[in-house]
Every structure is written in structure tokens, then in C-alpha cells.
Amino acid sequence: MDVFEEIEKREKRLNAIIEIAEDRLKHIEELGVKAKGGAQIKDYSAYYVFITLIGIILGTAVLAFVSRRVGSRINIPIKLYAVLLLLFSIPAVYYILFNRKPEESPGSDLVERERMARILLERFYKPFREAVQADDRVKIEELANRLLEDPPILASSMEILNEGDPKIVAYALLLYARYEPGLENEVKETLNIVTNKPTKALLEALLRKGYNPQEQSKIGGDREA
């Protein structure tokens with residue numbers, strides 16, 4: 001398993017996600033609904049609840065008025081209606097004030113996936129490729145720390161787009177960057193749990209060749225920058 005080939009595969013996958021998202025967003029816009037800040041799908045359920053509540057209040061008021069006009073000839077249970085009105089009003093008001101769903105923009109999920117794919121390409125795979133080409137352990141360690149310390153968008157993008165568990169990937173990169181004789185078993189154990197294929201390929205190459213700081217050959221292969 002070649003590190004650069006695996007990086008290229010992940011880059012192609014992420015670029016495909018970006019292209020698909022762009023095509024679908026364009027299609028949505030062609031249908032007359034702008035996905036980025038245009039018309040939105042609105043939730044009218046709160047209005048329905050409010051209208052129903054007003055209807056019950058008006059109905060109770062009418063019954064009270066009729067009850068006063070007809071007196072004792074017709075027994076209208078106004079108190080019962082008042083209690084029912086109160087019981088319905090409490091959850092209705094709570095729903096209107098606190099339980100309304102935010103309005104969603106069509107294509108918002110596509111926009112988010114496109115954004116995360118670009119973040120992974122620019123903040124992870126591009127510096128990953130450069131670090132492996134130079135066999136720069138310092139940069140690889142910086143990349144691992146970025147996964148752990150960067151604002152959570154990088155780690156969450158990796159996890160949501162199924163590019164691997166960011167904590168495990170970070171640990172694997174740190175293990176490579178700080179590798180020394182005697183850590184072979186640790187590398188093997190990490191290989192069993194890391195799912196990010198470029199990182200897995202990096203550790204596999206490490207086990208095959210070992211790491212000698214005096215060697216000039218690159219662990220990722222013989223490709224030139």
C-alpha cells in the first residue's frame with residue numbers, strides 16, 4: 001500500500017464530494033430556490049397552533065356570552081371550557097416560544113459537506129502529502145497536533161466524512177513522527193485500529209523499512225515533490 005496512492009484516492013473522493021455538492025446546488029438554484037441565503041423552507045406549525053388557540057379562546061368567549069343571554073334555560077359548562085382552555089394554552093404557548101424548529105435552507109447539508117471536504121483537502125491532505133514527500137517528522141507531528149488542537153471543524157470534518165477517527169489518526173501520526181526502536185508492537189496495534197488508509201500505509205511502510213534519520217530515502221516512496 002503506497003502512501004501517495006492512498007492520499008490521491010482520498011483527494012479524488014473529497015473532490016467528488018465537492019463536485020456532486022456543487023452540481024446539486026446548481027440544480028436547486030435552477031429550480032428557483034437559492035440554497036445559499038435564498039428562499040427558505042418555513043415551518044408554519046406555530047401559526048397553526050396559535051390560530052387554534054385563538055379559536056378556542058373566541059369559542060369560549062362566545063359560549064360565555066350565550067350562557068349569560070340564555071340564563072338557566074341551557075346548561076353550558078363554561079368552567080369546564082375554561083379549564084380545557086387553560087390546559088391547552090400552557091403547552092401551546094410553550095411550543096410557540098421554545099419548541100419551534102429553525103428554518104432550514106434547501107441544500108444546507110450539501111453546502112456543509114462541500115465545506116468540510118475543502119477543509120480536509122487544504123488543512124489535512126495537502127500538508128500530509130508535503131510532509132511525507134519531505135519525510136519531515138516535525139511537520140507530521142504538527143499535523144497530528146492540528147487534528148487534536150485545531151478548532152473542532154477539522155476533526156469533525158474527518159469524522160463526518162468517514163475519513164477516519166481523528167484521535168486515532170493523530171496518535172498514529174505522532175507514533176510515526178516519534179518512532180524509535182522498540183515501538184514495533186505499538187505500531188502493529190495501531191495498524192489494527194486506524195482506518196484512514198494513507199495513515200495506515202505510512203505505518204506499514206515504517207514497519208517494512210524501519211526509520212533511520214540518516215537515510216535520505218523517503219518513507220512514502222521515491223516520488224519527487
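From a predicted model like this one, the values you see are computed outputs, not experimental measurements.
Atoms CG and CD1, from Asp23 and Ile18 in turn, are 12.0 Å apart once rounded to the nearest 0.5 Å. Annotation: the span from Arg178 atom CZ to Leu174 atom CG amounts to 5.0 Å, rounded to 0.5 Å. A distance of 9.5 Å separates NZ in Lys9 from CG in Asp2, rounded to the nearest 0.5 Å. Summarising the geometry, atom CZ belonging to Arg113 is positioned 5.0 Å from atom CD1 belonging to Ile17; distances are rounded to the nearest 0.5 Å. Here the NE2-CG distance, from His27 to Leu110, works out to 11.5 Å after rounding to the nearest 0.5 Å. Taken to the nearest 0.5 Å, the CG atom of Leu143 stands 5.5 Å off from the CG atom of Leu173.
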Can Glu22 and Arg118 be said to form a salt bridge (charged side-chain N to carboxylate O under 4.0 Å, His left out), step by step? CA-CA 12 Å; Glu22 289 177 343; Arg118 293 185 186 279; 2.7 Å; yes
Mind running side chain to side chain contact (heavy atoms under 4.5 Å, CB included) on Leu154 and Arg146 for me, showing each step along the way? CA-CA 8 Å; Leu154 180 59; Arg146 187 182 304 170; 3.8 Å; yes
Please test Ile153 against Arg123 for side chain to side chain contact (heavy atoms under 4.5 Å, CB included), starting from the C-alpha separation and ending with a verdict. CA-CA 10 Å; Ile153 182 61; Arg123 299 187 191 179; 3.5 Å; yes
Report the C-alpha distance between Leu25 and Glu114 in whole Å, list the side-chain angles of each, state the deciding distance to 0.1 Å, and finish with yes or no for side chain to side chain contact (heavy atoms under 4.5 Å, CB included). CA-CA 10 Å; Leu25 289 169; Glu114 178 187 353; 3.7 Å; yes
Full working for side chain to side chain contact (heavy atoms under 4.5 Å, CB included) between Tyr171 and Leu148: CA-CA 9 Å; Tyr171 177 74; Leu148 296 173; over 6 Å; no
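Listed for the Glu141 side chain is no donor-acceptor partner under 3.5 Å among the backbone atoms of Lys139.
Salt bridge absent: Lys126 and Glu11 never bring a charged side-chain N and a carboxylate O closer than 4.0 Å.
Residues Phe124 and Ile119 fail the side-chain proximity criterion, which asks for heavy atoms closer than 4.5 Å. Using a 4.5 Å cut-off on side-chain heavy atoms (C-beta onward), Arg129 and Glu8 make contact. In this structure, Met116 and Leu120 have side chains that are not in contact, with every pair of non-hydrogen atoms separated by 4.5 Å or more.
When hydrophobic clusters are built by joining Ile, Leu, Val, Met, Phe, Trp and Tyr residues whose side-chain heavy atoms come closer than 4.5 Å, directly or via intermediates, Leu207 is grouped together with Val3. Cluster membership for Ile160 and Leu14, using ILVMFWY side-chain heavy atoms within less than 4.5 angstrom, is shared.
Summarising the geometry of Thr195 relative to Asp165, their closest heavy-atom pair is OG1-N, 4.1 Å, with the distance given to 0.1 Å. The minimum heavy-atom distance linking Pro166 with Ala155 is given by the pair CG-O, 3.6 Å.
With sequence neighbours excluded, the residues satisfying salt bridge (charged side-chain N to carboxylate O under 4.0 Å, His left out) with Arg10 are Glu163.
No side-chain donor from either of Tyr125 and Glu130 sits under 3.5 Å from a side-chain acceptor of the other.
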Pair up each side-chain donor or acceptor in residues 198-206 with any protein partner under 3.5 Å, not counting sequence neighbours, and list the distances.
unit_1: Thr199; atom_1: OG1; unit_2: Asn196; atom_2: OD1; d: 2.7
unit_1: Lys200; atom_1: NZ; unit_2: Leu191; atom_2: O; d: 2.6
unit_1: Lys200; atom_1: NZ; unit_2: Val194; atom_2: O; d: 3.1

